[in-house]
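What you see is a predicted model, and the numbers here were worked out from it, not measured in a lab.
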Number of protein chains: 2
Amino acid sequence: MSYANDMPETSERRTGGAGDGNELDMAAVNALRTAVMRLSRRLKHQRVDESLSPTEMSVLGTLARCGSATPGELARKEHVQPPSMTRIVAMLEAKGLVRLEPHPDDRRQKTVTQTERAESMLAASREKRNAWLAELAGRLDDDEWERLRAAAPVLEKLAHS
Amino acid sequence: MSYANDMPETSERRTGGAGDGNELDMAAVNALRTAVMRLSRRLKHQRVDESLSPTEMSVLGTLARCGSATPGELARKEHVQPPSMTRIVAMLEAKGLVRLEPHPDDRRQKTVTQTERAESMLAASREKRNAWLAELAGRLDDDEWERLRAAAPVLEKLAHS
DNA sequence: GTAACTCATTACCTGAGCTAAAGAAAAGCC
DNA sequence: GGCTTTTCTTTAGCTCAGGTAATGAGTTAC
């Protein structure tokens, strides 16, 4: 079945700038919200390493992208409070996935960098996600999958903004 | 910037059925996963009523769609264990958003139906989401928004499957 | 050189999910 | 018809990831 065609194409949205969302947008946002909440709950069960929380995974992903960062930077990027990030980083360090070093310029701060173990752990994670993807792919047709792929970067942007 | 065009269009995915995801799929799934997790964290702060958790909201949404249901059905639909749903339903009842009645055919079960208050609460929620949408719309161009709208039903299907 | 600010941390709390076990009702089986 | 087994909900107790408030160390500004 076709989804977007259930509603008029690229309709009268945002005619005067932000703030005048119409009913169609609301429906989409509604669907998005529900789906994201439920999906996130499912994803919680998709851990590679049982002892690695989704946010810990996310932090490793961020580190893989950005190289190294201070706890404060990570907290801001993950939209988490500093104390939470302290504990997350401590966990990761205890598991040998991350290394904490004194900051070169500022002795209050620390720099967090991922270890080689984190590298291979992320690879293992990719494997596990692969299995999830296979299961997922079986339930989507090509069109659906294409939509998902097209939207993924937008979701990322949204989540990051 | 264009997103999907960073990668070959509608590429060599799923040539032999499920299970052979390629690197492009993995990148998309990776992005999807991270984005969903982060977005869900943001969404937690978007509550209408401070004392209403995302899952409680989701249950009300389900009830609005399906009419009434038993706790067990709700638990299955929300992918939550029965004891959790018991507490959620109890919360909702305490807040007057839901009514519990004996099941007509089976005295073990109960039927959960939403009240008029829930109706107006959901309306208020829609208002709040409207504000969020406006903020959101300001950061996306039309193409990005269109991708999101197209993908929303697929995400829903995924979360529901 | 001291006051104010910032980063990380510690201590404690909350909230939302889980499992295990119990209680009530229904269904199946002599 | 009475017994066992199964199913639905609930209770009790636990865990874990997050948050706030307060502390300590280091830096910046005056």
Side-chain angles (χ1 to χ4, degrees), chain A residues 36-47 49-60 68-95 97-113 159, chain B residues 34 36-47 49-60 68-95 98-113 159:
Chain A
V36 164
M37 289 313 302
R38 278 209 260 254
L39 250 189
S40 80
R41 207 156 41 229
R42 308 292 293 279
L43 277 167
K44 279 190 178 178
H45 300 299
Q46 282 297 328
R47 316 184 165 187
D49 185 342
E50 273 317 308
S51 58
L52 209 58
S53 87
T55 309
E56 288 169 340
M57 276 301 291
S58 186
V59 168
L60 286 185
S68 60
T70 69
E73 284 166 357
L74 287 174
R76 277 187 293 276
K77 278 182 185 161
E78 301 290 328
H79 294 106
V80 150
Q81 293 303 310
S84 306
M85 188 50 71
T86 293
R87 202 151 4 93
I88 291 166
V89 165
M91 283 287 193
L92 290 175
E93 193 191 19
K95 286 165 192 159
L97 298 170
V98 121
R99 206 177 8 252
L100 273 130
E101 287 154 358
H103 194 281
D105 305 338
D106 188 338
R107 276 185 298 172
R108 286 172 305 179
Q109 306 186 56
K110 292 175 181 172
T111 63
V112 186
T113 49
Chain B
T34 310
V36 165
M37 289 312 304
R38 277 209 260 254
L39 251 189
S40 79
R41 207 155 42 229
R42 307 294 290 281
L43 276 167
K44 280 189 179 180
H45 299 301
Q46 282 299 327
R47 316 183 168 185
D49 184 343
E50 273 316 309
S51 60
L52 208 57
S53 86
T55 308
E56 287 169 339
M57 275 302 290
S58 186
V59 168
L60 287 185
S68 61
T70 69
E73 285 168 354
L74 287 174
R76 277 188 292 276
K77 278 182 185 161
E78 301 290 328
H79 294 106
V80 151
Q81 293 304 308
S84 306
M85 189 49 70
T86 294
R87 202 149 10 91
I88 290 165
V89 165
M91 283 289 194
L92 290 175
E93 193 192 18
K95 285 165 192 160
V98 124
R99 205 173 12 248
L100 273 130
E101 286 153 358
H103 194 281
D105 305 338
D106 187 338
R107 276 185 297 172
R108 287 172 303 180
Q109 305 185 57
K110 293 176 181 172
T111 63
V112 186
T113 49

| message | Within the structure provided, determine whether Val112(A) and Glu73(A) are in side-chain contact (heavy-atom separation under 4.5 Å). | response | no

Give a yes-or-no answer on whether the side chains of Glu78(B) and Ser58(B) include a donor-acceptor pair shorter than 3.5 Å. yes

* To do: Quick one: label Pro71(A) by what it contacts on the DNA or RNA (base, sugar-phosphate, nothing), any heavy atom closer than 4.0 Å.
  => sugar-phosphate

Here the distance between atom P of dC16(D) and atom CG of Leu92(A), to the nearest Å, is 15 Å

Looking at Arg108(A) and dT27(D), is any side-chain donor or acceptor paired with a base atom of the opposite kind under 3.5 Å?
no

* Would you say Gln109(A) reaches dT6(C)'s phosphate, i.e. side-chain N/O to OP1/OP2 under 4.0 Å? -> no

Query raised in the report: Can you tell me if the side-chain N/O atoms of Thr70(A) get under 4.0 Å from OP1 or OP2 in dC7(C)?
Result: no

Out of dT10(C), dG19(D), dT10(D), minimum distance to the side chain of Ser84(A) belongs to dG19(D)

Here the distance between atom C1' of dA16(C) and atom CE of Met85(B), to the nearest Å, is 12 Å

Picking from dA26(C), dA21(D), dG17(C), the nucleotide nearest the side-chain atoms of Pro83(A) would be dA21(D)

Considering only heavy side-chain atoms of Thr55(B), the closest of dA16(C), dG26(D), dA8(C) is dA16(C)

*asked:* The test is side chain to side chain contact (heavy atoms under 4.5 Å, CB included); show your working for Val80(B) and Leu74(B) and say whether it passes.
replied: CA-CA 8 Å; Val80(B) 151; Leu74(B) 287 174; over 6 Å; no

Arg107(A) CZ to dT28(D) P, in whole Å, measures 11 Å

Next on the checklist: Is it the case that dG15(C) (base atoms only) and Arg87(B) (side chain only) share a donor and an acceptor within less than 3.5 Å, ignoring hydrogens and angles?
Outcome noted: no

In Met91(A), Met85(A), Arg87(A), the residue satisfying side chain to side chain contact (heavy atoms under 4.5 Å, CB included) with Val89(A) is Met85(A)

From CG of Asp106(A) across to P of dC5(C) the rounded distance in Å is 17 Å

With the side chain defined as heavy atoms from C-beta on, Thr86(B) is closest, among dT9(C), dT9(D), dA26(C), to dT9(D)

Between CE of Met91(A) and P of dC16(D) the distance, given in whole Å, is 8 Å

Walking DNA chain D from its 5' end, the first of Val89(B) and Asp105(A) to be reached, judged by nearest nucleotide, is Val89(B)

